[in-house]
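Structure provided below as structure tokens; questions to follow.
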Amino acid sequence: MTAKDLIRKLRERKGTVLSVTLHVLVLGWGLVSFSARSLEAPEDVIPVDISMDDTSKMMQGIKTGKKENPKPLADKIGETKPIDDAVGKIDRKEVVTSTSAPDPTPKPVEKPIEKKPDPKPEPKKEEPKQAEKKPDQKADDPIADALKADAKKPPPKQETKAAPPQPPKPKERTFDQSKIAALLDKRDPSRQAVAGETLNSNAALGTPTGHANALVATWKGAFVSAVRRCFNFPYNGTDADQFEVDIDIQLRPDGSVASDPVIVATRGPSSSVSRALAESAKRAVVQCQAYAFLPKNQYDTWKYIPMTFGLKDML
Amino acid sequence: MSKLPFVTRRRFMMAAGSAAALGVSSARGQGRLQVNPGESQLPIAIPAFVPGTAADGQVGADIAGVITNNLRRSGLFAPIDPAAFIERITNIDVAPQFQSWKQINAQDLVTGRVTRQGDGRLKAEFRLWDVGTAQQLTGQQYVTSPEYWRRIAHIISDQIYERLTGEKGYFDTRVVFIDESGPSERRVKKLAIMDQDGANVRYLTRGADLVLTPRFSPSTQEITYMEFGQGDPRVYLYNIETGQREIVGNFPGVSFAPRFSPDGQRIIMSLQQGGNANLFVMDLRSKSTTRLTDTPAIDTSPSYAPDGSRICFESDRGGKPQIYVMAAGGGSAQRISFGDGTYSTPVWSPRGDYIAFTKQGNGEFAIGIMKPDGSGERILTSGFHNEGPTFAPNGRVLMFFRDPGGNSGPSLFTVDVSGRNELRVPTPGYASDPAWSPLLS
């Protein structure tokens, strides 16, 4: 069939072609918009899932990270910390590393005795790769995952067979009376491994879309935590929540205080207490400098910081 | 198109959630970072005062000890154990090595020196340092007779307290109370006075007659109290310095529950009239007496507002004892206590912000505070028997007495107006009915 014949046939069946084209467009649009939303989600979660001390680190990319890999690594993949197994709970049944996906099924690790050693090695699970390729489609919606998992009805033991790269040597089963507390601890022993040593599991160059808002919120939290460490104010009145002082702070690019913090306003039922509070706050800002963790490339956002010091949590 | 608002809103909510957890919030909508204190107790280091001569070593250590005890008992300071000190202060005229005090997490440092002058008097100097910024916050020196070294320690404590909290201290004060001794059926009650920390107890009466409800004058070193003498119980006035004692007024019948006006010129009290009691005020200079209430009820325990414009008192005119407030010159009274149980022994805070009371109900006696309009009632402590609150001169701490019952006897306690930091006050024996003096200096 020549191209001309094809064109002729198409002209003859205009309605069909139009219908097919429209369907493709509608479905395609649906797919694109659907996936676009879910792609964004993990990035949104990143700035929230932070610890107070390491907020900046958590947002920071790694220079050696691959540009084409902008997604954060799944937290639970990779090396786990050795678990302090009180009795070598079960032989040849290594405590398994969780996979990247949230595990909707209860972990059978809690009842290791009931588990039979499974001689058949299960086929390797695909989660690690999936997590790298399409992490957004995976971990984004735990409910959907749970439904999928139900549909497949995987046997519980399969869930835990994540095939660690190097199975640890089987421990000899022992009983140590001094570790009874650990024996009674029914929590997942792998929780320590999940906590991991590496706080920065985001082996990427950083989020490519540049979430400036989230970053600002992050350094603010870290800055407040840092100042708070030096801000102790003794007060035992019942009207603590009425005291506030506004203080403006100017910082140098290295995070040190550029000039004497300025008391802009004081509020509270006692002017002498407000004044003491303001002076105490100023001293705290000076004492805890330099705030070297502040992101240098965002100096414009923190070279001048208006702050309010209060006594709200003291009742 | 719909993606952006979705993501933005979600991110905003996430960020707001994490910000709230960190104590970050926008203050007054101006994008200000909000910071609240990490701790409400200030870590402070108070090394022994440097002695001028070896003979002054003990008093140097004792002064630091009294200051440490005062600040610790306030609940607002956390004095650091001297065993942790790295630097040994030997000269207070040179700046301390701040790094070594930072290392032990001291936020403030008190250095001092005691020397004996040529006339035998004791000179005490101190400096209060902010460790973080290496600046001196205050420094003073005092000279006194050696036997008043505790007083100097209290005054320095007040200086430190005021400089760091912005409020007047209450350490250089005394407490008058009823010392109780002997078995419960033959209890001997003596009027006694001591420093607020329980030191320097002195007895003002010998215990032959029963004494009750001592109250300090706000402006002088006088106290007024009720004593059961040979005849009817009477209100007395007693000068602590001279030991002089006199009956207040010459009323028929029983006079009781006296208290000074804020200017110290008048005494307000109850006078028994038949089965009733009414409030009267007597001018101490002119000796003129004015009736304030005239009800067929028992009106008692009057206490002035610090500005002298109003009084609060206890009355059972509504059927059971409750707290009322009225103008200092008399007139209509407004009931302010409406909770379950009965309310008695109201006392107005020297700050004016609260009225403290004893509340009885459900077989317990509680100490509480409420605002002068009756709102904001807050119970600070409760139990079998707590009674008789009295405010520290800065209005931040209350003292009261607690009687566990049985063969035991009462003890004195302090508690913050926030209800925290309840502490027993050491006394030589049983003690009740405390009254806190104004600041001595």
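This is a predicted model, so every value here is computed, not measured.
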Open item on the list: I'd like to verify something: which residue of B/Gly132, B/Ser74, B/Pro43 has the highest number of heavy-atom pairs under 4.5 Å with chain A?
Closed with: B/Gly132
Less than 3.5 Å apart, which donor and acceptor atoms pair up between the side chains of residues 284-297 of chain A and the rest of the protein, not counting sequence neighbours?
residue: A/Gln289; atom: OE1; partner: A/Val257; partner atom: N; Å: 2.7
residue: A/Gln289; atom: NE2; partner: A/Val286; partner atom: O; Å: 3.3
residue: A/Tyr291; atom: OH; partner: A/Val285; partner atom: O; Å: 2.6

Task: Which portion of B/Gln135 sits near chain A, non-hydrogen atoms under 4.5 angstrom - done: side chain
Open item on the list: At a 4.5 Å cut-off on heavy atoms, which part of A/Arg275 comes close to chain B: side chain, backbone, both, or neither?
Closed with: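 Contact with chain B involves no heavy atom of A/Arg275 at all.
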Open item on the list: Do the side chains of B/Arg351 and B/Glu167 get close enough for a salt bridge, i.e. N-O under 4.0 angstrom?
Closed with: yes
TODO: Under 4.5 Å heavy-atom distance to chain B, tell me which part of A/Ile247 shows up: side chain, backbone, both or neither.
DONE: backbone
Open item on the list: Ring centroids only, cut at 6.0 angstrom: are A/Tyr235 and A/Phe243 within range, meaning strictly under it?
Closed with: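 Aromatic pair counts; centres sit under 6.0 Å.
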- [ ] Tell me, out of A/Val273, A/Asp248, A/Ile249, who's got the most heavy-atom pairs with chain B below 4.5 Å.
- [x]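 Heavy-atom pairs under 4.5 Å are most numerous for A/Val273.
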Open item on the list: Are B/Phe77 and B/Leu164 packed together at the side-chain level, in the sense that at least one heavy-atom pair is separated by less than 4.5 angstrom?
Closed with: yes
TODO: Indicate whether the side chain of B/Asn386 and that of B/Thr381 have a donor and an acceptor atom separated by less than 3.5 Å.
DONE: no
- [ ] Establish, from distance only, whether the side-chain atoms of B/Glu87 and B/Trp101 form a donor-acceptor pair under 3.5 Å.
- [x] yes
Open item on the list: Heavy-atom cut-off 4.5 Å, strictly under: side chain, backbone, both or neither for A/Val245 against chain B?
Closed with: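 For A/Val245, there is no contact with chain B at all, as no heavy atom is under 4.5 Å.
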Task: Heavy-atom contact with chain A under 4.5 Å, split by part of B/Gln107 - done: side chain
